[in-house]
Student: 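Supplied in structure tokens, the structure appears directly below.
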Amino acid sequence: MKNKNFRICAAETTDEINRSFVLAEKVFMEYEAPSFTKRGVDSFLNFLRGKRVKEMISDGDFKVWVCYAQGASADEELVGMLALREGCHISLAFVRGDFHRQGIGRMLYAEAKKYALSMKTEAITVNASDYGIPFYRAMGFRETDMQLDADGIIYTPMEAKIKKRKKLI
């Protein structure tokens, strides 16, 4: 998918996935970590760097999409990423701060949603941080529970129904 000077694609190589995780960590540390306890930060970083994620990627249960921006020198730079677990749960979604509010999150979500629909998924879920809730609401997600805490990670469970509606004739 292309839009202006952005290119969205599935992360195909281990290097591309690793670079997307480095981006996720940097953005997390800048925007999310300041509101987390040390335990929460450690839990997130352990997930991001952990064995379980690598196993899910290897098994095909964890899909990653990335966004590249065309640089002034015709080089592309990685500016956003989104990871979908088991075709129905957004596990990671991060866009570099200097690229916020340019439609990158929306484009990444559109690709993940297209994939979820191909997997016959009827709803996508996310455990949204306070920072991400406005974005997810704008994408059609609604809260399914009150704010929760798991291992120091504060989140609000949300869901978006995505099943295609049948056309009426």
Side-chain angles (χ1 to χ4, degrees), residues 1-4 6-14 16-17 20-21 23-25 27-28 31-32 36 40 43-44 46-48 50-68 78-96 99-169:
M1 168 186 242
K2 286 192 175 196
N3 182 27
K4 296 183 183 180
F6 300 119
R7 181 173 65 89
I8 307 290
C9 61
E12 298 291 337
T13 66
T14 301
E16 200 168 32
I17 291 169
S20 75
F21 281 27
L23 171 84
E25 183 175 332
V27 176
F28 170 81
Y31 291 94
E32 306 284 349
F36 277 47
S43 292
F44 175 81
N46 288 337
F47 168 76
L48 193 61
K51 179 180 169 186
R52 183 167 179 256
V53 167
K54 290 174 180 63
E55 289 171 351
M56 286 189 294
I57 292 168
S58 177
D59 292 343
D61 292 335
F62 202 81
K63 301 289 185 193
V64 179
W65 289 268
V66 291
C67 177
Y68 292 99
L78 182 63
V79 298
M81 65 84 66
L82 184 143
L84 193 67
R85 185 178 71 217
E86 298 171 358
C88 66
H89 182 78
I90 296 173
S91 291
L92 303 165
F94 293 96
V95 174
R96 255 180 37 191
F99 284 88
H100 282 181
R101 310 217 37 92
Q102 295 184 38
I104 293 168
R106 183 177 296 273
M107 290 185 291
L108 287 164
Y109 175 62
E111 289 300 307
K113 183 177 173 181
K114 198 182 320 179
Y115 174 78
L117 284 166
S118 78
M119 301 297 292
K120 308 283 190 247
T121 300
E122 295 184 11
I124 294 178
T125 59
V126 66
N127 293 334
S129 67
D130 285 346
Y131 192 84
I133 288 173
F135 167 76
Y136 290 113
R137 282 185 182 149
M139 296 299 102
F141 284 77
R142 298 294 169 247
E143 289 88 342
T144 58
D145 202 346
M146 63 182 170
Q147 190 175 67
L148 303 170
D149 178 336
D151 294 324
I153 296 176
I154 308 296
Y155 66 94
T156 300
M158 300 180 82
E159 178 181 74
K161 303 287 184 195
I162 63 164
K163 185 173 181 174
K164 287 185 181 179
R165 294 188 180 132
K166 294 181 181 177
K167 292 183 181 181
L168 299 175
I169 299 177

Student: Tell me every residue that passes side chain to side chain contact (heavy atoms under 4.5 Å, CB included) with K63, counting only those two or more places apart in sequence or in another chain.
Tutor: W65, Y115
Student: Are the aromatic rings of F47 and F28 close, with centres under 6.0 Å apart?
Tutor: no
Student: Closest heavy-atom contact between V66 and S20?
Tutor: CG1-CB, 3.7 Å
Student: Provide the closest heavy-atom pair for I17 versus A11 in the form atom of the first, atom of the second, distance.
Tutor: CG1-CB, 3.7 Å
Student: Could you tabulate the donor-acceptor pairs under 3.5 Å formed by side-chain atoms of residues 143-152, not counting sequence neighbours?
Tutor:
unit_1, atom_1, unit_2, atom_2, d
E143, OE2, R137, NE, 3.0
E143, OE2, R137, NH2, 2.3
T144, OG1, P157, O, 3.3
Q147, NE2, D130, OD1, 2.7
Q147, NE2, D130, OD2, 3.4
D149, OD1, G152, N, 2.9
D151, OD1, R39, NH2, 3.4

Student: Enter the distance from I90:CD1 to R85:CZ here, rounded to the nearest 0.5 Å.
Tutor: 11.0 Å
Student: Who passes side chain to side chain contact (heavy atoms under 4.5 Å, CB included) against K54, sequence neighbours left out?
Tutor: none
Student: Measuring from atom SG of C67 to atom CZ of R106, what distance do you get when rounded to the nearest 0.5 angstrom?
Tutor: 14.0 Å
Student: For the residue pair G105 and V95, what are the closest heavy atoms and their distance?
Tutor: N-CG2, 4.0 Å
Student: Classify the ring geometry of F141 against Y136: parallel below 30°, tilted from 30° to 60°, perpendicular beyond 60°.
Tutor: perpendicular
Student: Sequence neighbours excluded, which residues qualify as salt bridge (Lys or Arg N to Asp or Glu O under 4.0 Å) partners of E16?
Tutor: none
Student: Suppose we screen for salt bridge (Lys or Arg N to Asp or Glu O under 4.0 Å). Which residues come up paired with K51, at least two apart in sequence or across chains?
Tutor: E55
Student: So which heavy atom on A24 is nearest to which on M81, and how close?
Tutor: CB-SD, 4.0 Å
Student: Heavy-atom distance under 4.5 Å between the side chains of I57 and F21, does that happen here?
Tutor: yes
Student: Enter the distance from E25:CD to E32:CD here, rounded to the nearest 0.5 Å.
Tutor: 13.5 Å
Student: Got a second to check how far S129's OG is from F36's CZ, nearest 0.5 Å?
Tutor: 6.0 Å
Student: Measuring from I8:CD1 to Y109:OH, what's the distance to the nearest 0.5 Å?
Tutor: 14.5 Å
Student: Taking all atoms of both residues into account, what is the closest heavy-atom pair of F6 and I104, and its distance?
Tutor: CE2-CD1, 3.6 Å
Student: Does H89 form a side-chain contact (heavy atoms from CB on, under 4.5 Å) with N127? I'd like the steps, not just the answer.
Tutor: CA-CA 8 Å; H89 182 78; N127 293 334; 3.9 Å; yes
Student: When rounded to the nearest 0.5 angstrom, what distance separates CZ in R142 from CE in M158?
Tutor: 7.0 Å
Student: Taking all heavy atoms of G80 and all of L108, pick out the closest pair and write down the distance.
Tutor: C-CD1, 3.8 Å
Student: For A116, what residues pass the side chain to side chain contact (heavy atoms under 4.5 Å, CB included) criterion, not counting sequence neighbours?
Tutor: L84, T121, I124, I162
